[in-house]
Amino acid sequence: MNIFVAKLSFNTDDEGLREAFEEFGSVDSAKVIMDNQTGRSKGFGFVEMENDDEALEAIQALNESELDGRTIVVKKAEPRGERSGGGGNRGGYGGGRRY
DNA sequence: ACTGAGCGC
């Protein structure tokens, strides 16, 4: 499951993000998006976890939690690619729904 | 102290 992490501390890097999520499950990959022109973090990143169940738990646990001194926001990642729609929503994404 | 709202190559 791809996970989107926002509001990261600019001190947080790929490893720090991975460390945060691995305590809840196996992380397949983790990456903090950096600005290629300045080399600084853009303040958000992505984590891919092997187990969806663990990913959901990690999202619930780490969302609005504190990492490296900043409160982060963890969500399901939107599919990379076209964001503007036009086309319509096919059954909707599984995300956003919370009970 | 730069920098705070958001989806990557």
Side-chain angles (χ1 to χ4, degrees):
Chain A
M1 157 132 1
N2 290 340
I3 302 170
F4 171 66
V5 186
K7 297 187 70 174
L8 286 169
S9 172
F10 299 115
N11 299 321
T12 304
D13 56 358
D14 303 320
E15 299 181 71
L17 216 148
R18 179 173 187 126
E19 291 291 327
F21 280 80
E22 270 190 342
E23 62 180 330
F24 294 96
S26 298
V27 176
D28 186 49
S29 66
K31 183 197 245 173
V32 175
I33 308 306
M34 306 287 271
D35 187 337
N36 13 8
Q37 296 183 350
T38 66
R40 290 180 184 171
S41 171
K42 286 186 177 177
F44 65 93
F46 291 90
V47 177
E48 186 174 357
M49 296 189 71
E50 298 177 356
N51 295 342
D52 293 351
D53 292 338
E54 291 179 349
L56 292 174
E57 292 298 322
I59 292 172
Q60 294 293 330
L62 294 173
N63 184 34
E64 293 179 344
S65 68
E66 184 176 306
L67 178 61
D68 196 20
R70 297 299 180 225
T71 301
I72 63 174
V73 176
V74 185
K75 302 177 176 178
K76 295 176 184 175
E78 296 175 356
R80 196 203 314 161
E82 237 181 282
R83 312 190 77 216
S84 271
N89 196 339
R90 293 272 156 81
Y93 302 101
R97 186 170 300 171
R98 59 178 66 99
Y99 295 91

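Worth knowing before you read on, the calculation uses all heavy atoms, side chains too, and leaves out hydrogens, waters and symmetry mates.
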Q | Heavy-atom neighbours of A/Glu15 CD exceed 12 at 6.0 Å | A |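 Incorrect, the count does not exceed 12.
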
Q. Is it the case that more than 12 heavy atoms not belonging to A/Arg18 sit under 6.0 Å from its CZ atom?
A. yes

Q. Could you give the distance from CD (A/Glu22) to CG (A/Asp28), rounded to the nearest 0.5 Å?
A. 10.0 Å

**Q.** A/Leu8 or A/Lys31, whichever maps to the more 5' nucleotide of DNA chain B
**A.** A/Leu8

(Q) If you assign each of A/Asn11 and A/Glu48 to its closest nucleotide in DNA chain B, which residue comes earlier from the 5' end? (A) A/Asn11

For [X] and [N], what is the distance between atoms [atom1] and [atom2] respectively, to the nearest whole Å?
| X | N | atom1 | atom2 | value |
| --- | --- | --- | --- | --- |
| A/Ile33 | B/dG4 | CD1 | C1' | 16 Å |
| A/Met34 | B/dC2 | CE | P | 18 Å |
| A/Asn2 | B/dG8 | CG | P | 12 Å |
| A/Lys42 | B/dC9 | NZ | C1' | 11 Å |
| A/Glu78 | B/dC7 | CD | P | 7 Å |
| A/Arg70 | B/dG6 | CZ | P | 18 Å |
| A/Asp35 | B/dG6 | CG | P | 15 Å |
| A/Phe44 | B/dC9 | CZ | C1' | 12 Å |

Q. Out of B/dC2, B/dC7, B/dG4, which has the shortest distance to the side chain of A/Lys75?
A.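 Nearest nucleotide to the side chain: B/dC7.
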
Q: Compare the minimum distances between each of B/dC9, B/dC2, B/dC7 and the side chain of A/Arg40, then state the nucleotide with the smallest one.
A: B/dC2

Q | Heavy-atom closest pair, residues A/Leu17 and A/Leu8 | A |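 Reported closest heavy-atom pair: CD1-CD1, 3.3 Å.
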
Q. Using centres under 5.5 Å plus planes under 30 degrees as the test, is A/Phe46 stacked with B/dC7?
A.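 One would not call A/Phe46 stacked on the B/dC7 base.
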
